[in-house]
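Working notes for the structure below.
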Amino acid sequence: TSGCSAASFCPDRPVTRGEMAAFLTRGFDLAAATGLAFGDVEGHFFQAEIASLAASGITSGCSAASFCPNRPVTRGEMAAFLIRALD
């Protein structure tokens with residue numbers, strides 16, 4: 001992770017689903033992917049990481065057409081993402 005800004009880590013702030021996508025993409029060295037996996041990530045800072053997560057089968061989104069990148073990730077979601085990434 002590179003923190004929440006150039007000079008801060010923000011250890012007490014919740015992690016968003018977009019940030020989690022970046023953690024997993026970097027941590028598991030997932031292949032880069034292009035395209036728009038979900039309609040709500042176009043232009044998002046973590047669009048490429050979310051595309052990689054979708055292409056690898058680690059996520060199917062928060063609904064069929066959305067990823068909800070700015071929503072905090074729950075502990076249950078994080079567990080599910082990790083299980084799929086380790087599979």
Side-chain angles (χ1 to χ4, degrees):
T1 182
S2 57
C4 61
S5 73
S8 299
F9 184 71
C10 303
D12 296 321
R13 194 187 82 191
V15 173
T16 67
R17 290 172 55 89
E19 292 167 331
M20 177 274 316
F23 294 160
L24 292 175
T25 300
R26 295 171 191 158
F28 288 96
D29 197 26
L30 298 179
T34 58
L36 192 61
F38 303 100
D40 64 344
V41 300
E42 186 171 7
H44 193 277
F45 187 77
F46 295 117
Q47 179 178 337
E49 289 85 350
I50 294 165
S52 293
L53 217 59
S56 68
I58 294 173
T59 188
S60 58
C62 63
S63 73
S66 300
F67 183 75
C68 305
N70 297 320
R71 192 182 84 195
V73 65
T74 67
R75 292 170 59 92
E77 289 170 333
M78 191 68 225
F81 290 129
L82 284 171
I83 287 169
R84 290 184 203 120
L86 291 167
D87 189 24

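Scope of the values below: all heavy atoms of this structure, side chains included, with no hydrogens, waters or symmetry mates.
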Validation row: [X], [Y] side chains within 4.5 angstrom (heavy atoms):
{"X": "P72", "Y": "R17", "answer": "no"}
{"X": "M78", "Y": "T74", "answer": "no"}
{"X": "V41", "Y": "L36", "answer": "yes"}
{"X": "E19", "Y": "N70", "answer": "no"}
{"X": "L82", "Y": "L24", "answer": "yes"}

Does [X] reach the main-chain N or O of [Y] with its side chain, forming a donor-acceptor pair under 3.5 Å?
{"X": "T25", "Y": "L30", "answer": "no"}
{"X": "S8", "Y": "C10", "answer": "no"}
{"X": "E42", "Y": "G39", "answer": "no"}

Can you sort out the partners of F38 under ring-ring contact (aromatic ring centres under 6.0 Å, His included), two or more places apart, ordered by chain and number?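 With sequence neighbours excluded, F38 shows a ring-ring contact (aromatic ring centres under 6.0 Å, His included) to F67, given in chain and number order.
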If you take all heavy atoms of [X] and [Y], which pair is closest and at what distance?
{"X": "G35", "Y": "Q47", "answer": "O-NE2, 3.8 Å"}
{"X": "R84", "Y": "I58", "answer": "NH1-O, 2.8 Å"}
{"X": "A37", "Y": "A54", "answer": "CB-CB, 3.6 Å"}
{"X": "A21", "Y": "I50", "answer": "CB-CG1, 3.8 Å"}
{"X": "A33", "Y": "S52", "answer": "N-OG, 3.3 Å"}

Applying the 4.5 Å side-chain criterion to the ILVMFWY set and letting contacts propagate, would L53 and I83 be lumped into a single cluster?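 No, because L53 and I83 fall into different hydrophobic clusters, even though each may have its own neighbours under 4.5 Å.
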Applying a strict under-4.5 Å side-chain criterion to I, L, V, M, F, W and Y, I'd like to know whether F9 and F23 cluster together.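 No, because F9 and F23 fall into different hydrophobic clusters, even though each may have its own neighbours under 4.5 Å.
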What pairs with A22 under side-chain contact (heavy atoms from CB on, under 4.5 Å), at least two apart in sequence or on another chain?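 Only R26, F46, E49 meet the side-chain contact (heavy atoms from CB on, under 4.5 Å) criterion with A22.
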How long is the straight-line distance from CZ of R13 back to SG of C4, given to the nearest 0.5 Å?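 So the gap between those two atoms works out to 5.0 Å.
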